[in-house]
Amino acid sequence: MTTEPRTIYLKNTLTGEKQRLEPVEPGKVKMYACGVTTYDYCHVGHALQAVFFDIIRKYLRYAGYEVVYVRNHTDVDDKIIQRAKERGMAPDVLAEEMVRAADDDMALLGVEPADFEPRVSRMIPQIIAMVETLVANGSAYATDDGDVYYRVRNKDDYGKLSGRKIDELRSGTRDLVQGSKEFELDFALWKHDETPSASWPSPWGVGRPGWHIECSAMAKEFLGETFDIHGGGRDLVFPHHENEIAQSESANGAEFAKIWIHNGLLTIEKQKMSKSLGNHLLIRDAVKKWPFEVLRLSILSQHYSSNVDFSETGFQTFFKRLNYYYDTLSELDLAAENAPASAESLEGCDPADIRDGFHAAMSDDFNTAAALAELNMSMSKAREFLGAKHDKARKRFTARETAVAFREVGAVLGILQADVAETLTMLQEHLLPLLGVTREEIEAAIAGRKAAREAKNYARSDEIRDDLVEKGIELMDGRDGTTWRVRPQQSN
RNA sequence: GGCGGCGUGGCCAAGGGGUAAGGCAAAGGUUUGCAAAACCUUCAUCCCCGGUUCAAAUCCGGGCGCCGCCUCCA
């Protein structure tokens, strides 16, 4: 049984317009996203980009497409060589360490590995072949220094992605060192360099690839000359993506990526993240403080094309939301116990609405913010359903189907997949160390309060509760005793 | 200087010609020893000024403010 993939619209940086996704090969989407340069641990900005493309890939699959996703590791680069020198190690050793760290960090965020994760160091023959093609057809030239440059002026539509013109680029730039280049804007395809473990023999002597050529070679290797979607951070539009297009199209004589998508950048408390501001946040540090699903929700809460802001109040909000989501799942699971394998009919709540709302939002340029709004409304309806009276068997069946739909949609967003009870406990305890309170202390206080309540000494029991609230712990008296949780909102 | 984006309730954030999704906070209610949680209810005319239109937050022009890129960057 094959069903038609869902129609998807997305905004193309190349044209500035929203257009329908029509894969070169019907039903199969080939996409490429620029990965990280492995000279240091990944920061949350990398997380934003990785999570976003992870979701696109998962959504495309959910929408019925076969997806081939390539995400590279740039493991040969100036910065790697520089950093390795500082640390007194070989570049390839540093790169290897950081590639692994990057994989670990992405896994912490629930980012699934791409189908192909090529590295520059393992693509040298393909890169050299592409540079040779460019030299042979006059799109590039070698210099006496052993460098090879791309001839920007030979491409009439150079600048089409970023909306720039060669003349404007010239006048707008200062201190352009021409060196042995024919023209100041020509960029390097191959650089003469003899650093051990970061250089290779080539027709132009020993050296290494320039910055942009790797992606062109990798895309061609795994996706072909023309493919469907290419993306990355907005900051890569120029010069990186612009140059990729130029060199690929010159080498292949074919259109490169059909649709370009770019995510906004990440700010922290509305400030650009930078080491000098001291707000540089690594993924591995971020997940210590906030569960990865909170991080994902923060990213999802804004449309990908906007800049995403990470803020303490934002995290608190999503922390609370996450608790609400899992709490709802917990209630649904409880209501679904002993559900019949199949039921005559649903009642009070239709899981199809959850999927429909989700698709409506996501198929329109991956509008995760709208998808989250749909999820919120669906959750709200589910809770209403749980509180209402229904035929028992049908209610159990409906609860189960509803939970299935939530988990299904959550899987696409990379949330709501964990064990419910464990997650609820984890959320409770996650912030404890920051509050300086232990579980034992809380439980002891609850026991003391219980005794006071039984003695109807409410003044004392309230005092105990207020004391805990002061520390950031909320108590909830339920039918089966008192439970507690960390109060997400610290102030206001 | 060039190119691009943005300005929506106290805060965050969708929408983008037909009369404002969602979340946080807040207020009232149900519940509770009192609370909390949950549930119900309430809460905006979209930076300013012009214009186009039967109709504009949405289109056009002009302001003001913010941001990104043009140099390594996800």
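The figures that follow rest on heavy atoms only: side chains count, while hydrogens, waters and symmetry mates do not.
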N/O (side chain, A/Ser162) to phosphate O (OP1/OP2, B/rG2) under 4.0 Å: no
Among B/rA74, B/rC24, B/rG22, the nucleotide that comes nearest once only the side chain of A/Thr317 is considered: B/rC24
Between the protein and nucleotides 41-47 of chain B, which nitrogen or oxygen pairs are less than 3.5 angstrom apart?
none

Pairs: protein N or O with nucleotides 35-39 of chain B N or O, under 3.5 Å:
{"residue": "B/rA35", "atom": "N6", "partner": "A/Asp477", "partner atom": "O", "Å": "3.3"}
{"residue": "B/rA35", "atom": "N1", "partner": "A/Asp477", "partner atom": "N", "Å": "2.9"}
{"residue": "B/rA35", "atom": "N3", "partner": "A/Arg465", "partner atom": "NH1", "Å": "3.4"}
{"residue": "B/rA38", "atom": "O3'", "partner": "A/Arg383", "partner atom": "NE", "Å": "3.2"}
{"residue": "B/rC39", "atom": "OP1", "partner": "A/Tyr324", "partner atom": "OH", "Å": "3.0"}

Decide whether a cation-pi geometry holds between A/Lys18 and A/Tyr9; the criteria are a distance under 6.0 Å from NZ or CZ to the six-membered ring centre and an angle within 45° of the ring axis. no
Using Watson-Crick or G-U wobble geometry with both distances below 3.5 Å, tell me the partner of B/rA26, or none. B/rU42
Counting the atoms with a prime plus P, OP1 and OP2 as sugar-phosphate, which does A/Asp462 contact under 4.0 Å by heavy atoms, base, sugar-phosphate, or nothing? base
Taking 4.0 Å as the cut-off, does a side-chain nitrogen or oxygen of A/Ser301 come that near to OP1 or OP2 on B/rG23? no
Quick check on side chain to side chain contact (heavy atoms under 4.5 Å, CB included): which of A/Thr402, A/Leu329, A/Ile415 does A/Arg407 satisfy it with? A/Leu329
Quick one: ring-ring contact (aromatic ring centres under 6.0 Å, His included) partners of A/Tyr304, sequence neighbours excluded? A/Phe52
Distances under 3.5 Å only, N/O to N/O: pair up the protein atoms with those of nucleotides 28-31 of chain B.
none

Ignoring hydrogens and angles, write down the donor-acceptor pairs under 3.5 Å from the side chains of residues 452-459 of chain A, residues two or more places apart or on other chains.
{"residue": "A/Arg453", "atom": "NH1", "partner": "A/Asp477", "partner atom": "OD1", "Å": "3.4"}
{"residue": "A/Arg453", "atom": "NH1", "partner": "A/Asp477", "partner atom": "OD2", "Å": "3.4"}
{"residue": "A/Asn457", "atom": "OD1", "partner": "A/Arg460", "partner atom": "N", "Å": "3.2"}

Please list, one pair per line, the donor and acceptor atoms closer than 3.5 Å that link side chains of residues 366-374 of chain A to other protein atoms, with sequence neighbours excluded.
{"residue": "A/Asn367", "atom": "OD1", "partner": "A/Ala369", "partner atom": "N", "Å": "3.4"}
{"residue": "A/Asn367", "atom": "OD1", "partner": "A/Ala370", "partner atom": "N", "Å": "3.0"}
{"residue": "A/Thr368", "atom": "OG1", "partner": "A/Leu300", "partner atom": "O", "Å": "2.9"}

Run the salt-bridge test on A/Lys289 and A/Asp285 with the 4.0 Å N-O cut-off and return the result as yes or no. no
Examine distances only and state if a side-chain atom of A/Asp75 and a backbone atom of A/Ala95 form a donor-acceptor pair shorter than 3.5 Å. no
Going from CG on A/Asp77 to CZ on A/Arg83, what distance comes out if it is rounded to the nearest 0.5 angstrom? 11.0 Å
Residues touching RNA chain B, which here means a heavy atom under 4.0 Å, drawn from residues 47-54 of chain A: A/Leu48, A/Gln49
Name each donor-acceptor pair under 3.5 Å that joins a side chain in residues 230-237 of chain A to protein atoms two or more places apart or in another chain, with its distance.
{"residue": "A/His230", "atom": "NE2", "partner": "A/Glu244", "partner atom": "OE1", "Å": "3.4"}
{"residue": "A/Arg234", "atom": "NH1", "partner": "A/His262", "partner atom": "O", "Å": "3.4"}

Using a cut-off of strictly less than 4.0 Å, decide whether A/Asn367 has a side-chain nitrogen or oxygen near OP1 or OP2 of B/rG15. yes
List for me each residue that meets ring-ring contact (aromatic ring centres under 6.0 Å, His included) alongside A/Phe222, sequence neighbours excluded, and say none if there are none. A/Phe116
For B/rA14, what is the paired nucleotide under Watson-Crick or G-U wobble rules, both distances under 3.5 Å? none
Tell me, please, which residues at least two apart from A/His390 pass ring-ring contact (aromatic ring centres under 6.0 Å, His included). A/Phe385
Once base and sugar-phosphate atoms are separated, protein heavy atoms under 4.0 Å mark nucleotides 64-69 of chain B, 5' to 3', with B, S and - as ---SSB
Considering only heavy atoms, which members of residues 408-416 of chain A lie under 4.0 Å from some atom of RNA chain B? none
If B/rU71 has a Watson-Crick or G-U wobble mate with both distances under 3.5 Å, name it; if not, just say none. none
Classify the nucleic acid contact of A/Leu375 as base, sugar-phosphate or nothing, counting any heavy atom under 4.0 Å across all strands shown. nothing
